[in-house]
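Written below as structure tokens is the structure these notes are about.
All values below come from the heavy atoms of this structure, side chains included, with hydrogens, waters and symmetry mates left out.
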Amino acid sequence: LQDEFVFMCCFHAHPEWGEDGPDANGLYPLHLLCRYRAASAHVTPELMYLAMHSNKLAASHVDHIYGMTALHMFCYHSRTLVDKTIGYIVDAEPAAAEEPDFGDNLPLHRVFMNTHRELRIAPRAIRRLIHAYPSAVHHCRDTDGKNPLHLLCSSRRFIQNHDATDIAA
């Protein structure tokens with residue numbers, strides 16, 4: 001909570017924080033927030049809201065290494081996928097749900113590729129991604145020919161830790 005306070009103070013003091021542009025790897029502060037802070041569970045929905053509205057351009061920007069948007073990074077690295085947080089990203093940049101990375105993975109693929117040991121996911125977060133891009137479930141395949149449904153069905157850990165019927169409901 002102390003970290004969030006520091007972030008909030010910085011964002012309020014310099015609301016143009018994200019307009020500086022990406023670093024050498026094509027990463028905006030928003031990407032780094034979604035990649036590193038989400039992995040340690042230090043990204044609250046409020047912090048994500050503030051980050052998204054500080055620079056909407058960053059939400060659609062892809063990095064130069066993997067071709068990931070902030071939504072890809074959040075889905076792949078986050079310990080907790082909350083529908084409210086996913087919603088902030090999708091609402092700011094709806095096309096991000098349809099954007100493939102360099103491996104042709106959509107953010108929905110990345111959810112099921114997330115191997116975080118303590119992964120907690122709200123089924124509504126999955127529904128939010130599917131609602132943003134319904135074709136992602138079975139029409140969109142990565143470079144290995146897998147769609148998100150393949151990844152869900154082949155992930156024993158994910159099915160053991162979560163009720164797959166609840167996600168589909």
Side-chain angles (χ1 to χ4, degrees), residues 4 28 30-63 66-169:
E4 182 176 335
Y28 280 86
L30 175 63
H31 289 91
L32 299 171
L33 186 69
C34 289
R35 183 172 181 177
Y36 297 109
R37 303 299 291 190
S40 60
H42 291 295
V43 177
T44 63
E46 293 76 22
L47 184 57
M48 186 59 71
Y49 177 83
L50 186 58
M52 290 305 303
H53 289 277
S54 295
N55 186 355
K56 291 185 182 182
L57 174 64
S60 62
H61 186 79
V62 297
D63 72 75
Y66 302 107
M68 290 190 192
T69 63
L71 183 58
H72 283 97
M73 289 187 181
F74 186 77
C75 291
Y76 187 59
H77 294 287
S78 185
R79 264 177 40 180
T80 306
L81 291 172
V82 182
D83 59 316
K84 192 173 185 183
T85 309
I86 295 276
Y88 287 145
I89 301 173
V90 171
D91 290 348
E93 184 54 49
E98 302 177 27
E99 182 74 34
D101 63 16
F102 292 159
D104 288 332
N105 296 296
L106 298 171
L108 189 59
H109 283 91
R110 290 293 180 178
V111 168
F112 300 127
M113 294 167 79
N114 185 326
T115 58
H116 202 290
R117 213 173 25 172
E118 300 170 17
L119 176 64
R120 291 177 296 156
I121 188 164
R124 288 183 302 211
I126 299 294
R127 282 191 217 122
R128 189 76 186 239
L129 286 171
I130 292 171
H131 180 71
Y133 189 43
S135 294
V137 177
H138 64 285
H139 289 298
C140 298
R141 296 178 183 266
D142 64 14
T143 54
D144 293 327
K146 295 178 182 171
N147 62 36
L149 194 55
H150 286 105
L151 297 173
L152 172 62
C153 292
S154 65
S155 177
R156 180 182 165 147
R157 184 189 65 78
F158 190 88
I159 292 175
Q160 285 178 342
N161 291 335
H162 308 284
D163 183 358
T165 57
D166 186 35
I167 291 173

For [X] against [Y], the heavy-atom pair lying closest together:
X	Y	answer
M73	R35	SD-CB, 4.0 Å
Y76	M113	CE1-O, 3.6 Å
L106	A97	CD2-O, 4.0 Å

Between [atom1] of [X] and [atom2] of [Y], what distance do you get to the nearest 0.5 Å?
X	Y	atom1	atom2	answer
H109	D144	NE2	CG	9.5 Å
S135	I130	OG	CD1	11.5 Å
Y28	C34	OH	SG	14.0 Å
N105	L151	CG	CG	7.5 Å
F112	L149	CZ	CG	8.0 Å
C75	N114	SG	CG	8.5 Å

Checklist entry - Is any side-chain heavy atom of C140 less than 4.5 Å from a side-chain heavy atom of Y133? => result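 Heavy-atom side-chain distance check passes, below 4.5 Å.
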Checklist entry - Is the shortest heavy-atom distance from the side chain of R110 to the side chain of D101 under 4.5 Å? => result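 A side-chain contact under 4.5 Å exists here.
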Item to check | Partner set under side-chain contact (heavy atoms from CB on, under 4.5 Å) for H150, not counting sequence neighbours | outcome: R141, K146, N147
Item to check | Partners meeting side-chain contact (heavy atoms from CB on, under 4.5 Å) with T69 (sequence neighbours left out) | outcome: V62, L71, H72, A96, E99
Next on the checklist: Test of understanding: with salt bridge (charged side-chain N to carboxylate O under 4.0 Å, His left out), list the residues that count as partners of D142, not counting sequence neighbours.
Outcome noted: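 Result, salt bridge (charged side-chain N to carboxylate O under 4.0 Å, His left out) vs D142: none returned.
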Checklist entry - salt bridge (charged side-chain N to carboxylate O under 4.0 Å, His left out) with D104: which residues, sequence neighbours excluded? => result none
Tell me which donor-acceptor pairs under 3.5 Å the side chains of residues 88-95 have, and how far apart each pair is, sequence neighbours excluded?
residue : atom : partner : partner atom : Å
D91     : OD1  : R128    : NH2          : 2.8
D91     : OD2  : R128    : NH2          : 3.0

